[in-house]
Amino acid sequence: MAVRRLALACPVEMTEMTVRTRFAPSPTGYLHIGGVRTALFCWLFARKHGGQFVLRIDDTDQQRNVDEALRPILDGLRWLGIDWDEGPDVDGPHAPYFQSQRGERYAAAAESLLASGHAYRDYATTEEIQAEREAAQNAKQQFRYSRRWMANSPEDDERFRAEGREAVVRLKMPTDGKLVIDDLVRGRVEFDWSSEQDHVIQRADGSPLYHLASVVDDHDMGITHVVRAEEHLSNTPRQVFIAEALGFPRPQYAHLPYVAEPGSKNKLSKRKLDKYLKNADFAKLMAHGEAIARRLGRAIEADTFNPVIVDFYRDVGYLPEAIVNYLLLLGWSLDDKTEFFDRAAMVENFSLARVNKAPASFDPQKLVAFQQHYMHQLAAESITPLVEPYAAEAGMTAAPPNADEQKKLARIVTAAGDRITVAGDVLDYGYFFTADDALEYDEKAFEKRLRKPDDAADLLRGFADELAAAPSFDAASLDALLHAYVERRGINIGQIIHALRVATTGQAVGFGMFDTLAILGRESTRARIERALSLI
RNA sequence: GGCCCCGUCGUCUAGUCUGGCUUAGGACACUGGCCUUUCACGCCUGUAACACGGGUUCAAAUCCCGUCGGGGUCACCA
C-alpha cells in the first residue's frame, strides 16, 4: 500500500520504488521466439533494478488443458534461465497468478466502473453492432457505437431484459481530448480519445475480457513497468482509461518492437513456416534440426518442430546462453562493439533506453554464429555430457552410455572439436558405434574414392598390412606410419587418405583421419578395410 | 481506409537527443586469398548503407517541412 501511494505521489522514474515487471502469456502450448524476447527484456529490466519479475497466465478465454498448454512455456523460460519471482509453481503474495481464478476481482472492478459511470450496460446484440459498423463503413465514416442500447437507468435494464436481451459491459470512453503517454522506448505518443471505441470489458455471462483483467491484475500485482510488444501500443489508451477510472496509478509503459520475419518487416509468426522455408538461411536452420530429429527417430510434428518456437533449439541441442545472447541483441545494443554478454553483464548493462524502435528481423545465420561461439568456448569435458543423451536416444550407445561408450564419446568430441555446433551434431559420428560388417557407405563417395581410382584397392591393401604390424595405434604413430608408407610408395597422400576414410567411416568427410583410426582401433580399422576391399 | 509506430550495408546495429571528431564504425553473411588429407576452424583481404526531395547552417545521417516506403492495430481474442 505504501508503495502505491508513493507511486501516486511522484513519477516512477524519480522514485526508489521496487521495479516490478510481468510477462503474461496465454497458454498456447508453445513459447514463441518473439514472446521469449519480450520476457527476457522484462526479466532483465527487473533484475537490473533489483526488482521482481512476475509470471502471470492470461487464460481468460478458459481453454481446456491449461496445464498441458502451459508446460512448454514454463519449461522454455526455465531452460533459458528466465526465472520468475512470483507465478505458477512458485506462487507469491498476489496469488493466484491465473486469470481464470481471479474472476471476482474483475467482476468487482466492472461493478465499480459501472457505479462510477465509466462503463455502462449495453444490450445491443452482436448483429446490431455489426450493422452499425457496416453502415459506418459504407458511409466511409469512422465507426463509433451509437450507444443505442445503453442502459441509462434501472428502467432501461428492465425494458431491455423484457425484450429478451442480455447485457455486456462497455467502457464509456471519452469523446474528446488527447491521451499522452511517455513510453520508455518510443518516447511521447499521443492518441485522440475520439478515435477510441467503447470496448466491451465483460461478457453477458459475467466473464471478463482481456483489457479489464490485465489492468486489474497489473495493479493488484503491483506492476510498475508494463514492458510488452508493440502490438499492444494501440491498446494502451483503453487500458489507461480503465486504470484511471479505477483510481489506479498509471504504470510506466515500454513498447518493444516485435521480432520480424527473416528478410522482412512482417511480424514473425509460427503459422507461416512454409513461407519462411523459402528463405535459404531459415531452410538451412530447419534442415539441420530436422536431420537431427530424424536420426533420433523423433516424429517431426509440423506444429511444434519449428525454429519460431523455442523448443526447437532445446530439442536439437543448442545452448541456452547462445539463444539468450542472440535475442538480447535483437533490438538492443550496448555500444558499437560489445556482442557477447554473460548473464551478469546483461543484467548490469541492460536499459530500456537503448532498445531500438524499429522491428528487427530474425536472422538464422547470426543465431547460428552465436551458437558456434558459445559451443567453441566450451572444453570437450563440458560438451561430452551434453552430447551423451543424443547418442543414447539415437541408439548409438546404451541409454545411458556405459563407461566405454562414454570414453569413446569423449574422444570423438575432442577430435571433432568445433565441428560439433549443436549437441545433436554428435550423431554425425554414428559410424564409430556401428558394427564393422554393418557400416553403410556413402555410395557416391565409395564410387569416387574406392572404385574409380585403379590404385585405391592396392594402396589400401598395402596399408592394411602396415596397420596389422604397427607397434602402436595412437594418432601420432598412425600419422608417421602413413607418411612413411606414402613416401615409400612414391604417392601423394591424397591418393590414399580419401579411400581410407571412405573405407573406414563410409563417409566422404569427417575429422582428422588419424584420430578417426585411433578411436576406431586396430581391429575395427582392419575389418572395415577388408570389407570395403571386398565390396569394390 | 482511420489511428499509431518505424525507415543507416543483404541482416543485427553504432552514430541522431547534445550538427563538425565519419574517407559513416562493428558484427553476421558473402568475394578473393592463406592454411590443409576431406569437412570445419583459424588468419588476411574485399564488396556493401544514411529511403527521396526541399529547407536551416560555414557545416546535416544528425535540426525543420514535405513525399515515398514498410509495419502494427482497428473483436463479446489475448
Side-chain angles (χ1 to χ4, degrees), chain A residues 24-28 58-61 99 122 124-126 129-130 133 136-137 140-143 166 168-170 183 185-187 189-192 194-197 199-205 207-211 213-214 229-237 255 257-258 260 262-267 281 326 329-340 353-354 356-370 372-373 376 416-421 428 445 449 479 482-483 486 492-502 505 507-514 516:
Chain A
S26 60
T28 51
D58 281 10
D59 57 348
T60 46
D61 64 342
Q99 291 191 329
D122 179 50
T125 63
T126 322
I129 293 288
Q130 190 52 31
R133 198 184 304 271
Q137 212 162 43
K140 297 218 166 175
Q141 280 183 338
Q142 208 186 321
F143 166 68
E166 287 188 313
V168 297
V169 176
R170 278 185 193 275
D183 192 277
V185 170
R186 329 197 79 89
V189 182
E190 293 187 1
F191 298 89
D192 283 330
S194 64
S195 54
E196 289 297 316
Q197 301 293 332
H199 293 97
V200 175
I201 54 171
Q202 190 186 66
R203 298 188 183 92
D205 66 2
S207 61
L209 267 342
Y210 171 71
H211 297 290
S214 186
E230 185 197 329
E231 51 260 43
H232 287 284
L233 185 55
S234 52
N235 294 331
T236 308
H255 288 94
Y258 54 87
S264 123
K265 292 296 177 202
N266 294 318
K267 192 164 67 168
D281 299 332
Y326 171 70
L329 263 20
L330 208 52
W332 179 87
S333 66
L334 174 64
D335 53 31
D336 59 344
K337 46 181 72 70
T338 317
E339 33 179 356
F340 300 113
R354 291 200 60 86
N356 250 289
K357 293 188 180 79
S361 303
F362 175 76
D363 181 357
Q365 288 183 322
K366 192 126 184 180
L367 173 69
V368 169
F370 274 99
Q372 284 174 330
H373 171 84
H376 299 353
D418 45 34
R419 287 172 186 79
I420 295 182
T421 294
D428 286 344
R449 299 302 190 185
D479 192 332
L482 184 66
H483 276 94
V486 160
N492 197 302
I493 196 164
Q495 286 171 261
I496 182 172
I497 210 157
H498 297 295
L500 189 55
R501 182 182 298 282
V502 176
T505 69
Q507 306 295 311
V509 300
F511 52 70
M513 193 68 253
F514 307 112
T516 300

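Just so you know, these numbers use all the heavy atoms, side chains as well, and skip hydrogens, waters and symmetry mates.
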Between B:A27, B:U37, B:G2, which nucleotide has the shortest distance from any of its atoms to the side chain of A:E339? B:A27
Under the side-chain hydrogen bond (donor to acceptor under 3.5 Å, both in side chains) test, which residues partner A:Q495, sequence neighbours left out? A:D455
Which letters describe nucleotides 73-78 of chain B, given B = protein heavy atom under 4.0 Å from base, S = only from sugar-phosphate, - = neither? S-SBSB
Using a heavy-atom cut-off of under 4.0 Å over every strand shown, decide if A:F514 touches base, sugar-phosphate, or nothing. base
C1' atom, B:C34 versus B:A48: distance in rounded Å? 24 Å
What integer number of Å spans the P atoms of B:C30 and B:C39? 15 Å
Looking at A:K265, I'd like to know if its NZ atom is crowded, meaning that more than 12 non-hydrogen atoms belonging to other residues, nucleotides or ligands lie closer than 6.0 Å. yes
Gap in Å between the two P atoms, one belonging to B:C76 and one to B:U16, rounded: 44 Å
Residue set satisfying side-chain hydrogen bond (donor to acceptor under 3.5 Å, both in side chains) with A:Q99, at least two apart, ordered chain then number -> A:D58, A:D217
Taking atom C1' in both B:U8 and B:A27, what distance in whole Å separates the two? 15 Å
Of all the choices, B:C39, B:U38, B:C4, which nucleotide is nearest to the side chain of A:H498 once you look at every atom? B:U38
Considering Watson-Crick and G-U wobble pairs with both distances under 3.5 Å, what does B:G2 pair with? B:U73
Could you tell me the Watson-Crick or G-U partner of B:G53, where both distances fall under 3.5 Å? Say none if there is no partner. B:C65
Where each residue is assigned the nucleotide of RNA chain B containing its nearest heavy atom, which of A:D418 and A:S195 is assigned the position nearer the 5′ end? A:S195
Sticking with atom C1', work out how far B:A24 lies from B:C9, rounded to a whole angstrom. 10 Å
If pairing means Watson-Crick or G-U wobble with both distances under 3.5 Å, then the partner of B:G20 is B:C58
Evaluate whether atom CD of A:E166 has more than 12 neighbouring non-hydrogen atoms of other residues, nucleotides or ligands under 6.0 angstrom away. no
Pick the P atom in B:A51 and in B:G70, then give their distance to the nearest Å. 15 Å
Using atom NE2 of A:H373 as one end and atom C1' of B:G42 as the other, report the distance to the nearest whole Å. 15 Å
Treat primed atoms plus P, OP1 and OP2 as sugar-phosphate and everything else as base, then score nucleotides 13-21 of chain B 5' to 3': B for base contact with protein heavy atoms under 4.0 Å, S for sugar-phosphate contact only, - for none. SSS------
Whether the side chain of A:N356 engages the backbone of A:A358 through a donor-acceptor N/O pair (distance < 3.5 Å, no angle test) should be reported. no
Can a donor-acceptor pair be found, under 3.5 Å and without considering hydrogens, that links the side chain of A:Q197 to the backbone of A:F143? yes
Looking only at atom P, what distance separates B:C17 and B:C65, rounded to whole Å? 15 Å
Which residue lies more 5' along RNA chain B, comparing A:H483 with A:F191 via nearest heavy atoms: A:F191
Any donor-acceptor pair under 3.5 Å linking the side chain of A:T505 with the backbone of A:R501? yes
Base, sugar-phosphate or nothing for A:D192? Non-hydrogen atoms, less than 4.0 Å. nothing
What residues, two or more places apart in sequence or in another chain, satisfy salt bridge (charged side-chain N to carboxylate O under 4.0 Å, His left out) together with A:D192? A:K178
Rounded to whole angstroms, how far apart are NZ on A:K265 and P on B:C68? 21 Å
Rounded to the nearest angstrom, tell me the gap between atom CG in A:D428 and atom P in B:U38. 19 Å
For a quick check, tell me whether the side chain of A:R419 and the base of B:C39 share a donor-acceptor pair closer than 3.5 Å. yes
Side-chain atoms of A:V509 come closest, of B:C39, B:U37, B:C12, to B:C39
With heavy atoms under 4.0 Å as the rule, sort A:G510 into base, sugar-phosphate or nothing. base
In chain order, what residues pass the salt bridge (charged side-chain N to carboxylate O under 4.0 Å, His left out) check against A:D183, with sequence neighbours excluded? none
Under the side-chain hydrogen bond (donor to acceptor under 3.5 Å, both in side chains) test, which residues partner A:Q365, sequence neighbours left out? A:D281
Can you tell me, in whole Å, how much space there is between the P of B:C6 and that of B:U13? 15 Å
Please list, chain by chain and in numerical order, all residues satisfying ring-ring contact (aromatic ring centres under 6.0 Å, His included) with A:H373, sequence neighbours excluded. A:F340
Nucleotide N/O to protein N/O under 3.5 Å, stretch nucleotides 29-35 of chain B:
from	atom 1	to	atom 2	distance (Å)
B:A29	O4'	A:Q365	OE1	3.2
B:A29	O2'	A:Q365	OE1	3.2
B:A29	O2'	A:Q365	NE2	3.3

Rounded to whole Å, please give me the gap between CD1 in A:I497 and P in B:U36. 13 Å
Can you name the side-chain contact (heavy atoms from CB on, under 4.5 Å) partners of A:R170, sequence neighbours left out? A:Y120, A:D122, A:I129, A:Y145, A:V168, A:D198, A:V200
Please identify each residue that fulfils salt bridge (charged side-chain N to carboxylate O under 4.0 Å, His left out) with A:R419, with sequence neighbours left out. none
Using a heavy-atom cut-off of 4.0 Å across all strands, would you classify A:F143 as base, sugar-phosphate, or nothing? nothing
Sequence-distant partners of A:K267, salt bridge (charged side-chain N to carboxylate O under 4.0 Å, His left out), two or more places apart: A:E231
